[in-house]
A.B. asks: 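The structure is given below, and queries will be raised subsequently.
Please read these numbers as outputs of a predicted model, since none were measured by experiment.
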Amino acid sequence: MIGRGAVADLVMGARMAVTGGREGWTRALLTAVGVGIGVAMLLLATAVPGALDARQARGDARDDLRMGERVAAGPGTLLVHPVDIEFRGRPVRGRLVRPEGPAAPVPPGLTALPGTGEVVVSPALRRLLDSPAGPLFAPRLGGARVTGTIADEGLAGPHELAYYLGDDRLTDAHGATRLDRFGGGLPGEGLGPVLMLLVAVIFVVLLLPIAVFLGSAVRYGGERRDRRLAALRLVGADTTMVRRIAAGEAAAGALLGVAVGIGFLLAGRQLVPLVTLYDISVYASDIRPPTALLLAVVLAVPALAVLVAMLALRAVVVEPLGVTRRGTPVRRRLWWRLLLPAAGLAVLLPVAGLREGDGGITRWLVPAGAVLLLIGTVTLLPWLTDLLVRRLRGGPVPWQLAVRRVQLDSATSARLVNGIAVAVAGTIGLQMLFAGVAGDFTTASGQDTSRAQAQVQFRDQPDLARVLRQLGGAEGVTAATGTLSTGATVGSPDGPPVEIRVGDCAALAEFARLDRCADGDTFLVSDPGDPVAVPAGAMLTVEDGSRWRVPTTARTAQARPDPAGWLQNGVLVTPGAVGTRTLGPLRSTVYLQLDPAAPDAVEHVRNATAAIDLTTPVSVLSPTIESPKFADIRRGLAIGTVVTLVLIATSMLVGTLEQLRERRRLLAMLVAVGTRRSTLGWSVLWQTALPVGVGLVLAVGFGLGLGAALLRMVQAPVSIAWPVVGFSVGLGALTVLAVTGLSLPLLWRLTRADGLRTE
């Protein structure tokens, strides 16, 4: 039980946290802002999984993909054809719809299905159509009239580009899917062990700097607090009372910070719908931390503040006439600081060779090992900073002021940059892991972008001349070649399948190596790896059941991968060899070369394609294909890194401002005796740069160690991406310059003559 006297001491400490006039309120405000930023980031991190789940739930509710499920036509069915396209790199989710009866299902977010020639669009797409870029996208809608807006429940996020377009020409024979309801699609596949490893380490790397920052924020105002406690000792308080008062003051400041953090989250989430990062956006209502985690943060932060305050008091002796720091003459010990990173490596290195099905203890060992290794940066930074500055002598006046300040209290300076060190170390380790496993999630597509940059395949467009004329005439297209193709079998309908492709000599040369070619020639294309061969004079059964005999004058040719990377076996026919005969249903395939100086060339191609057939996509050729899940995780890392860097810069700024306030009388005295303000500005820069430089050196070493350990776990070769290391170090240096620049206005104000006033 806590006695009445102990409660009174805690209450006194809480009052001291928020009293003391302007000085006290400023101190409390700085602490509250510092702790509030960390709390808001922690709560935001706990809300991210729920926000992504909410996005996924809305996507599942509107799902219209069916694999092998057949629905009979009736008054309650709907035909849907997906039209997933892009506009200037942004994905656009389009759906053509045609109700087959009065009870046809309506997708979420719509009150009624659009009629023929009508389109319902998302708010973001409506804004796009009303913008100067609107005329470039409008042709994709086939001239339809916008009649409504999709509500929030029908969209993954507020910035999603989506539409539903009514089309009475849809049939299930031409790729449309028949539905009797929306939702209930196939569940998504889970993440493999390597991707799970990436997710686990990303959470550690992004959340650990926040925890480090919170530990520093609750120490704001430490020097003035110690002087207040000395005054209490002068009026009769004993050591136990002093500790209880300090605990009450720390808990009150932390609780105020928790309240401010919740306020930051509530205010900040209203701005969330305005932000889109890597095509991901969420609604404000999606940002809701789970109740259990919210309570955990509310209880853990004051407990952390009290613990840190008690640990800080162990290093000082509070006497009635002042404060004596025990730690000044005692050198920091190294051995225990090496235990944490050594333990982290000992945990990570034995866990090697992740495979499908691995889990259980491995899922806990990986984050635990990463935490131990990264915390080693935090424990070693004060020791290494102290070791470095203890040997520094001489130099310009700003340098000497900075060095002397760091020599007096290297731990405080190190606390300011702990977050940078942890974030840089984690980023380097993660980027090494990403680079090491990228080959497993990025495959060569075989597509030759030197021959074509875009491909268009029409399901049923026999008029190739018209197709080439419209696509080849699109703005930004420099060349267009195309062929007509149909499927056939050798001999009977049950014979080996082959492809019949009709085109001029230039177009056919994209599919085979032709020694010579003229109109009227026929070529039998063979692939050495495919046993199917078509002899000259063979009878082919075409898809529509008609039969066509290969000319006896046909010559053989070696197959060549087309620009899309496919190696095909079949018959290449020039128009003169076909004559007036039809070969059943024909499909058009067109390859386009685009002008690299025309950035919207592919958009004009999409518009020209939509004028022919709204359902036909345009494929942009690329030499590599990246796994969508791997790309999503990489985007998540980029988003988290941006947010963490903003947090670190803000925390450093708040900490620097607090330190300047603590020394305002000293700064004013220096100016009063003739020290130039520019000298003090440079001293603030060096005072921050010294521990940052030490921290970045540590971060590079520990980041490389973390990356090597993670690569060994996935049995990937260890390689160092030096550009990533340089970029991470550069960000740390840029943060120092930004913090110094933003702190200068307060420095100029604190060095005025009224800074000498005391009460």
A.B. asks: Under the criterion side-chain contact (heavy atoms from CB on, under 4.5 Å), I'd like the reasoning laid out for Leu129 against Tyr163: C-alpha separation, chi angles, the key distance, then a yes or no.
C.D. replies: CA-CA 12 Å; Leu129 292 172; Tyr163 65 88; over 6 Å; no
A.B. asks: With side chains defined as the heavy atoms from C-beta onward, is the minimum distance between Ile85 and Val618 less than 4.5 Å?
C.D. replies: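 Heavy-atom side-chain distance check fails, nothing below 4.5 Å.
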A.B. asks: Does any non-hydrogen side-chain atom of Gln457 lie less than 4.5 Å from one of Thr589?
C.D. replies: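 Of all side-chain heavy-atom pairs linking Gln457 with Thr589, at least one is under 4.5 Å.
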A.B. asks: Quick one: which of Ile150, Val120, Val146 gives a side chain to side chain contact (heavy atoms under 4.5 Å, CB included) with Arg126?
C.D. replies: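 Exactly one pass, corresponding to Val146.
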A.B. asks: So, Glu543 side chain and Gly487 main chain: donor-acceptor pair closer than 3.5 Å or not?
C.D. replies: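 Yes, Glu543 side chain to Gly487 backbone: donor-acceptor pair under 3.5 Å.
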A.B. asks: So with a 6.0 Å cut-off around CZ of Arg587, is the heavy-atom count from everything else above 12?
C.D. replies: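 Enclosed: over 12 neighbouring heavy atoms sit under 6.0 Å from CZ of Arg587.
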A.B. asks: Does the side chain of Phe458 come within less than 4.5 Å of Leu471's, by heavy atoms?
C.D. replies: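 Of all side-chain heavy-atom pairs linking Phe458 with Leu471, at least one is under 4.5 Å.
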A.B. asks: State whether the side chain of Asp521 and the backbone N or O of Thr574 hold a donor-acceptor pair below 3.5 Å, judged by distance alone.
C.D. replies: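 Between the backbone of Thr574 and the side chain of Asp521 there is no qualifying donor-acceptor contact (under 3.5 Å).
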A.B. asks: List for me each residue that meets side-chain contact (heavy atoms from CB on, under 4.5 Å) alongside Glu86, sequence neighbours excluded, and say none if there are none.
C.D. replies: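 Glu86 satisfies side-chain contact (heavy atoms from CB on, under 4.5 Å) with Arg606 once adjacent residues are dropped.
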A.B. asks: What residues, two or more places apart in sequence or in another chain, satisfy salt bridge (Lys or Arg N to Asp or Glu O under 4.0 Å) together with Asp286?
C.D. replies: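 Listed in chain order: Arg58.
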A.B. asks: Ser131: what forms a side-chain contact (heavy atoms from CB on, under 4.5 Å) with it, not counting sequence neighbours?
C.D. replies: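 Listed in chain order: Leu128, Ala133.
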A.B. asks: Kindly check if the number of other-residue, nucleotide or ligand heavy atoms within 6.0 Å of CD (Glu475) is above 12?
C.D. replies: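 Not more than 12 within 6.0 Å, no.
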A.B. asks: Checking Arg459 against Thr615 for the side-chain contact (heavy atoms from CB on, under 4.5 Å) test, could you report, in this order, the C-alpha distance in whole Å, the side-chain angles of both residues, the deciding distance, and whether it holds?
C.D. replies: CA-CA 9 Å; Arg459 180 184 298 273; Thr615 65; over 6 Å; no
A.B. asks: Can you tell me if Glu160 and Ser122 form a side-chain donor-acceptor pair at under 3.5 Å?
C.D. replies: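 Looking only at side-chain atoms, Ser122 and Glu160 do not form any donor-acceptor pair under 3.5 Å.
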A.B. asks: Could you list the residues that satisfy salt bridge (Lys or Arg N to Asp or Glu O under 4.0 Å) with Asp504, not counting sequence neighbours?
C.D. replies: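 With neighbours one apart ignored, the set is empty.
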A.B. asks: Step by step, work out the salt bridge (charged side-chain N to carboxylate O under 4.0 Å, His left out) result for Asp64 and Arg95.
C.D. replies: CA-CA 10 Å; Asp64 51 25; Arg95 293 295 185 268; 2.6 Å; yes
A.B. asks: Does the side-chain contact (heavy atoms from CB on, under 4.5 Å) test come out yes or no for His604 and Val477, once each step is laid out?
C.D. replies: CA-CA 9 Å; His604 293 291; Val477 177; over 6 Å; no
A.B. asks: Phe87: what forms a ring-ring contact (aromatic ring centres under 6.0 Å, His included) with it, not counting sequence neighbours?
C.D. replies: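 Here the qualifying residues are Phe137.
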A.B. asks: Could you give me the CA-CA distance, side-chain angles and deciding distance for Tyr164 and Val80, then say whether side-chain contact (heavy atoms from CB on, under 4.5 Å) is met?
C.D. replies: CA-CA 9 Å; Tyr164 290 93; Val80 178; over 6 Å; no
A.B. asks: Any side-chain to backbone donor/acceptor pair from Gln447 onto Ser622? Under 3.5 Å, distance only.
C.D. replies: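 The answer is yes, because a donor-acceptor pair under 3.5 Å joins these two groups.
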A.B. asks: Using a 3.5 Å distance criterion without hydrogens, assess whether the side chain of Arg501 forms a donor-acceptor pair with backbone atoms of Thr483.
C.D. replies: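 Judged by distance alone, no pair lies under 3.5 Å.
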A.B. asks: Whether the Glu603 and Asn607 side chains hold a donor-acceptor pair (N or O, under 3.5 Å, no angle test) is what I'd like checked.
C.D. replies: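 No - no donor-acceptor pair under 3.5 Å links their side chains.
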A.B. asks: Do Gln453 and Gln593 have side chains that approach each other closer than 4.5 Å (heavy atoms only, starting at C-beta)?
C.D. replies: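 Yes, close enough: below the 4.5 Å cut-off.
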A.B. asks: Check whether any side-chain heavy atom of Pro114 lies under 4.5 Å from a side-chain heavy atom of Val97, and answer yes or no.
C.D. replies: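 Yes. Closest side-chain heavy atoms under 4.5 Å.
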A.B. asks: Please name all residues satisfying ring-ring contact (aromatic ring centres under 6.0 Å, His included) with Tyr283, sequence neighbours left out, ordered by chain then number.
C.D. replies: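 With sequence neighbours excluded, Tyr283 shows a ring-ring contact (aromatic ring centres under 6.0 Å, His included) to no residue whatsoever.
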